[in-house]
Amino acid sequence: MAEMTEDVVVVGGGAAGLAAAIRAKEAGAKRVLVLDRNSELGGILPQCIHTGFGLHHFKENLTGPEYVSRFVDRARALGVEFKLDTMALRLKPEREIVAANSLDGLFRIRAKSVVLAMGCRERTRGALGIPGERPAGIFTAGTAQRLMDVEGFMPGRRVVILGSGDVGLIMARRFAVEGAKVEAAIEVLPYAGGLPRNVIQCLEDFGIPLLLNHTVTAVYGAERVSGVSVANVDEKGSPISGTERTIPCDTLILSVGLIPENELSEEAGIILDPTTGGPVVDQRMETSVGGIFACGNAVHVHDLVDHVTETGMTAGWSAARFALDELEPLKNRIRLRPGPGVRYVVPQIISGDEPVTVYLRVRNPVRNAVIRAGNIAVPVRAARPAETVTVDFTEKRVEELRGKAELAISLEEIGHID
Amino acid sequence: MTEKIERTITCIVCPVGCEATVTMEGGKAVKAEGLACSRGEEYVFGEVEAPMRDFFSIVGIEGGVAPVCPVRSTKPIPKDRIMDCSRELAELTVAAPVRIGDIVMHNVLGLGVDLVATRSIEALRDKGSE
Amino acid sequence: MKAGVVIVGAGIVGSTIARELSKYETDVVVVEKETDVAFGSPTKANTGVIHPGFDDPPGTVRAEHCSRGNALWHNIAREVAAPFEEVGSLVVALKDEEVEVLKELKRRGDANGVPDLEIVVDNGKLRRMEPHLNTGAVAALLAPTAAITSPYELAIAMMENAVRNGVRTCFETEVTGITVKQDRVRGIQTTRGEIEVQFVINAAGLWADRVSAMVGPNQFTIHPRKGEYYILDKKAGDLARHVIFPAPSPISKGIVVTPTVEGNTLVGPNAQDIDDKRDMATTHSGLAEVWAGACKLIPSMADKKNMIITNFCGLRPEPDTKDFIVGSSQTIRGFINAAGMRSPGLTAAPSVALKVVDLLTESGAELRRKSAFDPRRKPIDKPMRRPDLMSAQSLIKQDPNYGYVVCRCEHVTKGEILEAIRRGATTLDGVKFRTRAGMGRCQGGFCGPHVLKLMSEELAIPAQSITKRGRGSRVLLGRAKELLSGGDSNGRDD
């Protein structure tokens, strides 16, 4: 079987992987190889044809394909190697990968360092356990997006969206703009899952009702979806009997959660954070296995691609330094843990001897809150679960962490957003 | 006629999402209440007077390695013209190759805005196969 | 069209009878109203257990065929290269009173010729056999000859072998009538035309009573009994190593926890009598009942709810006679029933098939054995799932499509998908049943669009015409832009 050696192998050629590959080259790695299972680079971005990408990174308002093409061009210009239509099948902690494609068949790569950038997958109807029949016409939002905006099909004509996260909202708009009838977006919580901008521009703009405190209780249709049953839910999210009604439709779009892809990580024995679903990483995006780094949605689900790019750059730089034998171990390891009000924190480990930006997600929407970490207090005007909150541990703030082994980051709210 | 109307608009400029009550006189926004800062005023005034949106969709491709190409408007268009724009675009098929940035539709709906391709689609090498 | 024998139904019973009859020089045609083999509910959605044969009271038709069928499957499954694993089963008594039930089952098993049955009372031994079993288990009946299979893969394998040996299949062909003259079968009418034939085997599952009524007043009725299931991710681990049953109830063997041949865990089915043979909906209460039943046997299941990949339901064809109906019509020559074959129908199938051959001969069919019957089927090669992955390299060299992985979760390659299409898959589910593409944790989210494209190219049909499982179950409702020339939409002109 063919064997290759590389300095840095990046698994996944989406936003995170491309940023990592570019930065690894810039940081001095000679042989950088990106593997991707699709026939083109960009990951999920080529199908995200809406604007809103790059506001931070490029100070421009770009569509997904436009954003990622800049990285593809730069990676090519730097001499990054690519293998497309290639599936990484195995990962060993010794940084050995087994992959397959039609051209090379099965092959083994020994890498000096590895960057995991596999992105995430969508939660399915099966995992949700929605009862009912199993007709054609049930799609997760990302799959519908691919079918429409890459393959040029209409997955449906009369649509109900379950889940008001950003991907679902965006697909509601896409269906509407392409002439389909979107009957409603159904949300189990008392507030929308996605950004307010998307609620306005994807639902309100098109007269699509948002049914908060509702869920889909059954799917009907012997062959193709004929309708869904929706019901009110109580504070625990359980359907209230007697409130069911049927919405006729031919398509159910599910936008009910994204799950970081970490099959390879688990195989290599990398420690995962059960809350994020991704590897525990330090501020250099190194996982619990030396020389294996992770970035992007494989680590935790981001809301801004600009942040994905940043994590990719960090991982790529670190992977290159590791490959060149120039990555010093962290002098200290302070484990950050989510305290009250905070769902998770990434990176989970910081050294405390240099400034670092930490991302966190709050449990509930809040207004006028304070983030507390030890003696540090950072005011936050407003925060929602849908938007990651960045906390800059500046030089001064970081000094206060000296000597700690663990630090809880919590959110103390003073006001409330409804 | 200076009829006064009040409309409620959620500001989306920052995560706070202030709910503003905007007073309009004769179709023009004159006052906004409920905003925590000044940045929101420009946005909410614009939203009530002449809401604009980026337009993006897909256009059919002929003779390309992909059947559709994503497109976007070079500037925002009036919100109430979105569906018209989409219907205009549905009448069009573009021949491959298409380069990112190519103008697919010039001065769409006479709005002074172009629709450009946001990715490149190569032409099928073997034309006979499609 | 003319045939020597028509088999109505391409489920596990129909496919098994077809394969048996393909050993003889007679023209066999299988008619099936669904679009593919195993698309009917009883075969598609059942526990996939090949039962040892202790459940059935001695003297019943079920008992007659179950343990014989079990023994036959050992060879046949290997011949047709279908999944078959003899994992053994445990019927678990969670209460002292249930031990009597185990003893009764053992008595039945002994009478039915089931080998090696043993009632295990040693708790330590039970714990070693099943580390996750409820520690309150008092005793268990161990049956080493219980096996697991994939019911639809088995049916597909049997039918492929039958077709290879000359059987013809007609899908989306529903029997609408049977012509009888002078008290014998002369032909059948279907939605696609008539077949001149003198021997009809009724293996129509849920609809067997409707078919049988076509030759005279009904001797039996079939009513559906729904059973719901959950499948857990392979990552849930070895929750069960044997097929684990609770002590049975009068109407059902109970909610089972079993490994599958793929390494998933399958739990179910409950048992709910319903009226509508088309009611294939899982229910909130049914699923809850299944989960509760599973947790009773395997308490650690309770915190594996996030490992559920999907749920589904199947309908058992319950005969009002309370036993299999295997026999020739008493009034009309040439009409043979293989009906009411709910559990252990799958197990019994090969034994019933042999009986059907006898019944045909008794009815006057001339069955001469073929000299050129090939019992073997070559399975679809699944290169990325070989224990020795590297051995796939030579296959990929021969056909590079086997190096291109399409289904990420189950590691299914383009080569397998094309192979499945060439071997008869015309629907997404047909590809899924033959390759497992779409059965993993992302449930086809990634591979679905790719499979559609491959099918469209390979079958030279527009992707919009591809269905999930035939007829109206189209996956796509047109091409983009088609809706914009008119019709209902959300367009606002304010």
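All values below come from the heavy atoms of this structure, side chains included, with hydrogens, waters and symmetry mates left out. So that the names make sense, note that chain A is the first sequence line, chain B the second, and so on, each numbered from 1.
- A salt bridge links A:E40 to B:R119: one of the charged nitrogens lies within less than 4.0 Å of a carboxylate oxygen.
- Of residues 27-52 of chain B, not one residue has a non-hydrogen atom less than 4.5 Å from any non-hydrogen atom of chain A.
- Interatomic distance, CD of A:Q201 versus CG of B:D54, reported as 7.5 Å (0.5 Å rounding).
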>> Between B:V68 and A:V150, does the side-chain contact (heavy atoms from CB on, under 4.5 Å) criterion hold? Intermediate values first, please.
In response: CA-CA 6 Å; B:V68 292; A:V150 174; 5.9 Å; no

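- Between B:P67 and A:G152, the shortest heavy-atom distance links the atoms CG-N, 4.4 Å.
- Note that OG1 of A:T63 and CD1 of B:I100 are 6.5 Å apart. Values are rounded to the nearest 0.5 Å.
- When heavy atoms are compared at a cutoff of 4.5 Å, A:E387 approaches chain B solely by way of its side chain, counted from C-beta outward.
- Nearest approach of A:I49 to B:P70, heavy atoms of both residues: CG2-CB, 3.3 Å.
- With values rounded to the nearest 0.5 angstrom, A:L195 atom CG is found 9.5 Å from B:I12 atom CD1.
- Minimum heavy-atom separation, A:R174 to B:F56: NH1-O, 3.8 Å.
- With rounding to the nearest 0.5 angstrom, the CZ atom of A:F53 is 10.5 Å from the OG1 atom of B:T118.
- Put simply, OG1 on A:T51 and CZ on B:R53 are 10.5 Å apart, with the number rounded to the nearest 0.5 Å.
- A side-chain donor-acceptor contact under 3.5 Å links B:S86 to the backbone of A:V177.
- Heavy atoms of B:I58 lying under 4.5 Å from chain A belong to its backbone as well as its side chain.
- Under a cut-off of 6.0 angstrom, the local environment of CZ in A:R197 is sparse, with at most 12 non-hydrogen atoms contributed by other residues, nucleotides or ligands.
- Across all their heavy atoms, A:E178 and B:S57 have their closest contact at OE2-OG, 2.5 Å.
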>> Working note: B:R72 + A:E66, criterion side-chain contact (heavy atoms from CB on, under 4.5 Å); need CA distance, chi angles, decisive distance, verdict.
In response: CA-CA 10 Å; B:R72 66 169 296 174; A:E66 287 169 323; 2.9 Å; yes

